[in-house]
Amino acid sequence: MATRRKQIIDGFSTELGQTPDVDASNVHKHFKFLDELNDFPSVCFVAGSERREQLGANRRLGTIEVALRGYVFDENNVDKAEILAQNVESKVDSFSANVAARANGVSDARVVSFRTDEGLLQPYGVADLEVQILYDVEELI
């Protein structure tokens, strides 16, 4: 049986696959280099470290840190990268309201930082986001 963390990350990937203009097959649960991508826009993310906080009464909260990168290809690459980041951020914000995420104990998901390459890789554009997913840690039976 999958761990709660894996179920949350799989659900997060599914949610990102519903981002406008991003095909679900262009959402990757590992980072890819720009030269490895053929379809744009693409979103890659890696679930990193996790912090735990004991609240008492046997309640523990976990916070998963997610590094996310979006790639676009367009002559207006900076604008397209920002639009992609805004669309991804709206999906992150709505993730905690998702029924499957709620069933896995997710109580909050938010973007904590955002930056673009500011046209450095023209005609490609890159948007980097740092995401935090807060959930109730429970033992799965």
Going by chain and number, the hydrophobic cluster around Ile83 (ILVMFWY, side chain to side chain under 4.5 Å) further includes none

For Asp136, what residues pass the side-chain hydrogen bond (donor to acceptor under 3.5 Å, both in side chains) criterion, not counting sequence neighbours? Arg59

Going by side-chain hydrogen bond (donor to acceptor under 3.5 Å, both in side chains), name the pairs with one or both residues in residues 71-87, residues two or more places apart or in two chains. none

If I take atom SG from residue Cys44 and atom CG from residue Leu16, how far apart are they, to the nearest 0.5 angstrom? 11.0 Å

Has Asn98 got a side-chain atom pairing as donor or acceptor with Ala100's backbone, closer than 3.5 angstrom? yes

Measure the spacing between CZ of Phe73 and CG of Leu34 and express it to the nearest 0.5 Å. 9.5 Å

Test of understanding: with side-chain hydrogen bond (donor to acceptor under 3.5 Å, both in side chains), list the residues that count as partners of Ser94, not counting sequence neighbours. Glu15

Without swapping roles, check the side chain of Thr19 against the backbone of Val22 for a donor-acceptor pair under 3.5 Å. no

Taking all heavy atoms of Ala47 and all of Ile9, pick out the closest pair and write down the distance. CB-CD1, 3.6 Å

Report the residues that fulfil side-chain hydrogen bond (donor to acceptor under 3.5 Å, both in side chains) with Ser42, sequence neighbours left out, ordered by chain and then residue number. none

pair Ile64-Arg5: side-chain heavy atoms closer than 4.5 Å: yes

Return all side-chain donor-acceptor pairs below 3.5 angstrom for residues 124-134, not counting sequence neighbours, or 'none' if the list is empty.
{"unit_1": "Asp128", "atom_1": "OD1", "unit_2": "Arg69", "atom_2": "NE", "d": "2.5"}
{"unit_1": "Asp128", "atom_1": "OD1", "unit_2": "Arg69", "atom_2": "NH2", "d": "3.2"}
{"unit_1": "Asp128", "atom_1": "OD2", "unit_2": "Arg69", "atom_2": "NH2", "d": "3.3"}
{"unit_1": "Glu130", "atom_1": "OE2", "unit_2": "Ser113", "atom_2": "OG", "d": "3.2"}
{"unit_1": "Gln132", "atom_1": "NE2", "unit_2": "Glu65", "atom_2": "OE2", "d": "3.3"}

Do you know the tightest heavy-atom contact between His28 and Asn26? CD2-O, 3.6 Å

Side chains of Gln7 and Tyr135: is there a donor and an acceptor less than 3.5 Å apart? no

So that I can tick it off, tell me whether Arg60 and Glu53 are bridged by a salt bridge, with the cut-off set at under 4.0 angstrom between side-chain N and carboxylate O. no

Starting at CZ of Arg4, measure out to CG of Asn104 and round the result to the nearest 0.5 Å. 5.5 Å

Residue pairs meeting salt bridge (Lys or Arg N to Asp or Glu O under 4.0 Å), one or both in residues 21-38, sequence neighbours left out, come to Asp10-Lys29

Starting from Phe31, walk the hydrophobic network (Ile, Leu, Val, Met, Phe, Trp, Tyr; side-chain heavy atoms closer than 4.5 Å) and list everyone else you reach, by chain and number. Val46

Sequence neighbours excluded, which residues qualify as ring pair (Phe, Tyr, Trp, His ring centres under 6.0 Å) partners of Phe12? Phe45, Phe95

Apart from Phe33 itself, what residues make up its hydrophobic cluster when side-chain heavy atoms of I, L, V, M, F, W and Y under 4.5 Å apart count as a link, directly or indirectly? none

Who clusters with Val78? Use side-chain heavy atoms, under 4.5 angstrom, across I, L, V, M, F, W and Y, and order the result by chain and number. none

List in chain and number order the residues that pass salt bridge (charged side-chain N to carboxylate O under 4.0 Å, His left out) with Asp108, two or more places apart in sequence or in another chain; answer none if no residue qualifies. Arg110

If hydrophobic clusters are built from ILVMFWY residues whose side chains come within less than 4.5 Å, do Leu37 and Val27 share one? no

